[in-house]
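Quick note: numbers below take in every heavy atom, side chains included, and nothing from hydrogens, waters or symmetry partners. A, B, ... follow the sequence lines: proteins, then strands. Residue 1 opens every chain.
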Protein chains: 2
Amino acid sequence: MKNEQRREETRGAILDAAALCFAEKGYAETGVAEICDRAGVSKGAFYYHFESKQKVFLALLESWLADLQEMLAHFAGGTVNVPESLLKMSHLMQGAFQADQSKTGLFLELWAQASRDETVRKASIATYQRYQKIFTGLIKRGIREGSLAPVDPVSAAQVLLSLASGLFLQSLIDPRRDWGKVTADSMQILLDGLIRR
Amino acid sequence: MKNEQRREETRGAILDAAALCFAEKGYAETGVAEICDRAGVSKGAFYYHFESKQKVFLALLESWLADLQEMLAHFAGGTVNVPESLLKMSHLMQGAFQADQSKTGLFLELWAQASRDETVRKASIATYQRYQKIFTGLIKRGIREGSLAPVDPVSAAQVLLSLASGLFLQSLIDPRRDWGKVTADSMQILLDGLIRR
DNA sequence: CTCTAAAAACCGACCGGTCGTTATGTATTT
DNA sequence: AAATACATAACGACCGGTCGGTTTTTAGAG
């Protein structure tokens, strides 16, 4: 049982180091040697555990998307009323993003690769649709319980996802702003609507 | 006057080819040789007109952002009432994006570079703030003319920008969907608000 | 208009270096 | 001793950028 532990340790070190590098410098600009240095491992170990640089990226991505989905599902399943649940989610998402810098930078790399690579794209679309389903369910619940207006749940979920993506995108290039507040304000405006009545 | 025309032609050919390559394969994955091939020019010509690959990218970006700003300002300056103006803008933006595939792919590259490169980031933030000002002004007008609720104009502009960015982001990896309709629906929901009253 | 010399535009072979990957050997665990 | 885990060095492809030389254009003089 000593080998298994050793194996997991080095694999973990490589994945962690790769996540940091990819987030900081991007996929293409990150060399395998750099990852190995950071992980305190040799290239031999790297290619013993992973068959290519791409595979490391994909492994990283998979776990990240799974984490995100779990987080979303957790908050969407809460029992408080839906508008408040949405406001809470916006707060907590921001916190989660800001907390783990190494993961956020991967977001861009995901999109860049997804928009070109067929495999990555299909996986990304599938994941995105799962997120959309989660939001759609949440909104349906809100309509059912009467806290939300009878909008089209799919479109509304689309808006939520887009808003989140857009805010997140901007937070990447302008980290100094208080995105927690911006996100909360945005969500409030979305809930209230723009048109005067 | 013959040299000047020649100069502009080759410069244009290089820029066009570079735009296509960057959009298709990404900045890092595109070689200078490839750009030259596509432009029907030699490397000598390339480095005669541009001092580096980066400079070509920046030149491309600058013109693209300028075009976008001009488009935004044009529609924001219209005289129709603001909610309708917003709906029209959402339609037309989608059309413009879908029309010129070579430019849309640059969007991701812009962000990827902006999130890391200091120069690109500062330029991007500045541009984004100009967009934000345009939207802010538009919303202020809407509030003044009574068609919009008295929201915080800055936050509202933020929502519009984020929504647009998010929608655009998704359209890159899932081009088959009818993003014109999605955008219009999203805008409608944003205008109406989610909360039941 | 012609000739000419400089300037501008362009070509393509080449360089130094980097990168992902592999082949081979060694230590550790089973 | 067999298998697993890792280290080291080297390979070969590639890439951004350079450089010496060639063609085309421009400008001025005759």
Set of residues satisfying side chain to side chain donor-acceptor pair (under 3.5 Å) with respect to B/Arg121, sequence neighbours excluded: B/Glu118
Tell me whether the OP1 or OP2 atom of C/dA9 has a side-chain N or O from B/Thr10 closer than 4.0 Å. no
Can you list everything that forms a salt bridge (charged side-chain N to carboxylate O under 4.0 Å, His left out) with A/Asp67? Sequence neighbours excluded, please. A/Lys103
Show me the pairs that pass side chain to side chain donor-acceptor pair (under 3.5 Å) and involve residues 22-33 of chain B, at least two apart or across chains. B/Glu24-B/Arg38, B/Lys25-B/Glu34
Could you tell me which residues satisfy side chain to side chain donor-acceptor pair (under 3.5 Å) with A/Lys133, sequence neighbours excluded, listed by chain and number? none
Can you list the residues that meet the side chain to side chain donor-acceptor pair (under 3.5 Å) rule with B/Glu51, with sequence neighbours excluded? B/Lys55
Within the structure, does a side-chain N or O atom of A/Arg6 lie under 4.0 Å from either OP1 or OP2 of D/dC6? yes
Return whichever of A/Gln54 or B/Arg7 has its heavy-atom-nearest nucleotide of DNA chain C closer to the 5' end. B/Arg7
Proximity to DNA chain C (any heavy atom under 4.0 Å), residues of residues 39-52 of chain A only: A/Lys43, A/Tyr47, A/Ser52
Answer yes or no: does atom CD of B/Glu8 have more than 12 heavy-atom neighbours from other residues, nucleotides or ligands under 6.0 Å? yes
Can you list, by residue number, the residues of residues 24-34 of chain B that have a non-hydrogen atom closer than 4.0 angstrom to DNA chain D? B/Thr30, B/Gly31, B/Val32
Nearest-angstrom distance from the residue atom CD of A/Glu9 to P of C/dT29: 12 Å
Going by the rule side chain to side chain donor-acceptor pair (under 3.5 Å), which residues pair with A/Ser124 if we only count those two or more places apart in sequence or in a different chain? none
Sorted by chain and residue number, the side-chain contact (heavy atoms from CB on, under 4.5 Å) partners of A/Ala45 (sequence neighbours excluded) come out as A/Val41, A/Ser42
Does any pair with a residue in residues 108-159 of chain A pass ring-ring contact (aromatic ring centres under 6.0 Å, His included), and if so which ones, sequence neighbours excluded? A/Phe107-A/Trp111, A/Trp111-A/Tyr128
Classify the side-chain pair B/Ser162/A/Gln170 by whether it contains a donor and acceptor separated by less than 3.5 Å. yes
What's the CD-P distance between B/Gln5 and C/dA8, to the nearest Å? 18 Å
What's the CD-P distance between B/Glu4 and D/dT26, to the nearest Å? 10 Å
Which residue pairs pass the salt bridge (charged side-chain N to carboxylate O under 4.0 Å, His left out) test when at least one of the two sits in residues 77-91 of chain A, sequence neighbours left out? none
Using a cutoff of under 3.5 Å, can you pull out all pairs of nitrogen or oxygen atoms linking the protein to nucleotides 3-6 of chain C, with atom names and distances?
none

